[in-house]
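Only one structure is covered here, and it is reproduced in the block below.
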Amino acid sequence: MKTVRRIFGTLLIAAAIFGTGVWTTFGLAADVGGGERTVAAAAHTQPERTQEIDPGDADEPIYRVLGIVLFVWIGISLYLFFIDRKITRLEKRIK
Amino acid sequence: MGGELLRNIRKEFLIEFRNPSAVLSAFSFSGVATISVSLVTRALPLQPLVQSILLWLIIFFTAMNSLLHPFIREEDHGTAPFLRLHSSALSVLASKLVFNAVLFFSLQLIITPLAVVFFQFTLRSPFFFLVTLLCGGFAVTATVTVLSAIVARSGGRGPLFTIISFPLLLPILWMSIESTRHSLERGGFWDVRSLVFLLAFSGMIIALSFLLIRFIWLDE
Amino acid sequence: MNITKSVFIAMPASIILTFLYAPPAEVLGDAGRIIFYHVPLAWISVLAFVVAGFYAAVHLFSKSPRAADADMKSHVSATLGMFFAVLTTVTGSIWAKLSWGSYWNWDPRETTIMVLLLIYIAYLSLHGTLKDGEKRGRICASYLLIAAATVPFFVFIVPRLYPTLHPDPILNREASVHMDFRMRITLICTIASFTLLYLYLFGLRFRIAVLEKVRMGIER
């Protein structure tokens, strides 16, 4: 049972990392492709971003990157949290 | 302490020359390495940087092959426990250091003339070249001696020795190569900073090794 | 209860700061935000090394019963430092690709982190070669102290002797900071939260090491 759970956990983490990788690659690629298609239309309408990020624009790549980084951090923190709990349990059992 | 140290140094030389195969193979290694590297480079007109890199690589591998022996020998022959009882850790380290320094400078006496002849060095400032070889060789000896004690105690051999000594020898090699290049390219005695670096490095390593040898060499 | 657990809050907060509060860098634009991850990682890999060296010294020279675990703490810190040094190398190499056009070009500071990585590898392989026991602790601690003594030579002297493309260290010689105020605030926040992360991981790894020791004692 324990081995199954460990294998499942490893697979889950691997899938998360692989998924974020695929998401980043294809998401950004789609972004570039879409940009090419609409570049003629949007050349005048989209102002070039210099300093500030428009907080309302959720399609900004920076929000996507922020989401990915936060997602990765949440994965790591869950992993750490469960390890912490397991260690505490073992320590109690030893005492 | 002084008498004990002198006795230990004398013992090192006597043992090595009673059965000189290790010393002789070290000498032949250094000669063969220099000549074969120059054969491989096929008398190409090498730049001073390449020449000094080749010279210091040969010196590095010679050190790897020859300076490990004094401490390993004690463990291999089973004489280490008696040496521990008989004399203090400091005098053991000092005698091995002296022996290694003498051995290494004589190895450099073989390597350097061969390299100068076969790689066709043009020495713009021969005095600076010699001082660099002395300082660099001394720094290499100091570092390798204390690390060879660690390796001998850990029971590991060649590969472990190369792994643990390479990061510590890297700054020495780097500065010595730069300094040798300067002596080949320009005249004068101007790159004193490298020499100060090498001397400071070897002084620091020797001080630390005398501080730490009792933890490495003795059993509690 | 444990203050390092605040990393669970501090880390996402500083991630949000790096993307939304800090302005894009001058030349690199948004890609320049990698500085907020590269600099703290580099800081942690050096800090972990210093901590490992400190505990090695405590293990060797302190007689107090509180120093009994120092050997384990030193090893734990070195393991973490190895991890962070790998991450520093990766992020630094990405940044180098973005700003200088190649992943690796043997800039002195890149060389320095590579040497730090080599020292970590050497220490961990020495630790792996030796068997468990008092001897392993003392020999590894001695090696770590010798290696730690060479790090200042790398970190400070070598980059100053040769030209570098790398931006000035945050604490440069004029003690001035060439950085936007908001970027500075963000950088301080990320460095603080990465330090918290390091401390938290250190605590976790140390508790695991204690548990493993107990298990070994039961099995024996």
Side-chain angles (χ1 to χ4, degrees), chain B residues 89 93 139 142-157 159-175 177-179 181-182 191-194 196-220, chain C residues 49 53 56-63 70-71 78 82 85 106 108 111-163:
Chain B
L93 177 71
T143 315
V144 166
T145 304
V146 65
L147 293 181
S148 74
I150 289 180
V151 170
R153 289 287 281 156
S154 72
R157 286 296 184 265
L160 181 71
F161 186 49
T162 313
I163 291 173
I164 69 168
S165 58
F166 186 66
L168 304 191
L169 285 182
L170 200 65
I172 303 172
L173 290 180
W174 201 0
M175 298 308 281
I177 286 169
E178 279 300 311
S179 181
R181 181 173 72 106
H182 286 155
D191 190 32
V192 185
R193 272 196 300 184
S194 306
V196 171
F197 180 93
L198 288 173
L199 287 179
F201 195 90
S202 35
M204 186 268 303
I205 288 280
I206 286 177
L208 261 181
S209 49
F210 275 99
L211 195 64
L212 296 174
I213 188 66
R214 65 189 164 105
F215 301 116
I216 300 169
W217 174 245
L218 296 179
D219 291 314
E220 288 284 324
Chain C
F49 193 76
V58 167
H59 176 65
L60 288 183
F61 294 108
S62 169
K63 296 263 188 296
D71 164 37
M82 165 96 190
W106 292 114
T111 314
T112 311
I113 191 74
M114 189 48 90
V115 169
L116 193 62
L117 206 56
L118 282 179
I119 291 177
Y120 278 132
I121 292 172
Y123 170 77
L124 292 177
S125 47
L126 184 65
H127 195 270
T129 309
L130 285 156
K131 286 187 188 64
D132 202 358
E134 182 60 15
K135 194 172 110 183
R136 168 163 92 175
R138 288 187 304 145
I139 288 181
C140 286
S142 310
Y143 179 71
L144 200 60
L145 276 188
I146 295 172
T150 61
V151 164
F153 285 85
F154 282 111
V155 175
F156 293 109
I157 296 175
V158 176
R160 296 263 153 88
L161 281 174
Y162 301 104

Which atom of B/Leu168 lies closest to which atom of C/Ala147, heavy atoms considered: CD2-CA, 3.7 Å
B/Leu218 backbone acceptor or donor facing C/Arg138 side chain under 3.5 Å: yes
Atom of B/Arg153, atom of C/Lys135 and distance for their closest heavy-atom approach: O-NZ, 3.1 Å
Least distance between heavy atoms, C/Ala149 atom then B/Leu208 atom: CB-CD1, 3.2 Å
Ring centroid separation C/Tyr143 to B/Phe215 under 6.0 Å: no
Minimum heavy-atom distance C/Ser142-B/Leu212, with the two atoms named: O-CD1, 3.6 Å
Residue from B/Leu160, B/Leu147, B/Ile163 passing side chain to side chain contact (heavy atoms under 4.5 Å, CB included) with C/Leu126: B/Leu160
Gap separating the CD1 atom of B/Ile150 from the CD1 atom of C/Ile146, nearest 0.5 angstrom: 4.5 Å
When C/Leu116, C/Leu130, C/Val115, C/Leu117 are compared by non-hydrogen pairs under 4.5 Å with chain B, the top option: C/Leu130
B/Phe166 and C/Ile121, any side-chain heavy atoms less than 4.5 Å apart: no
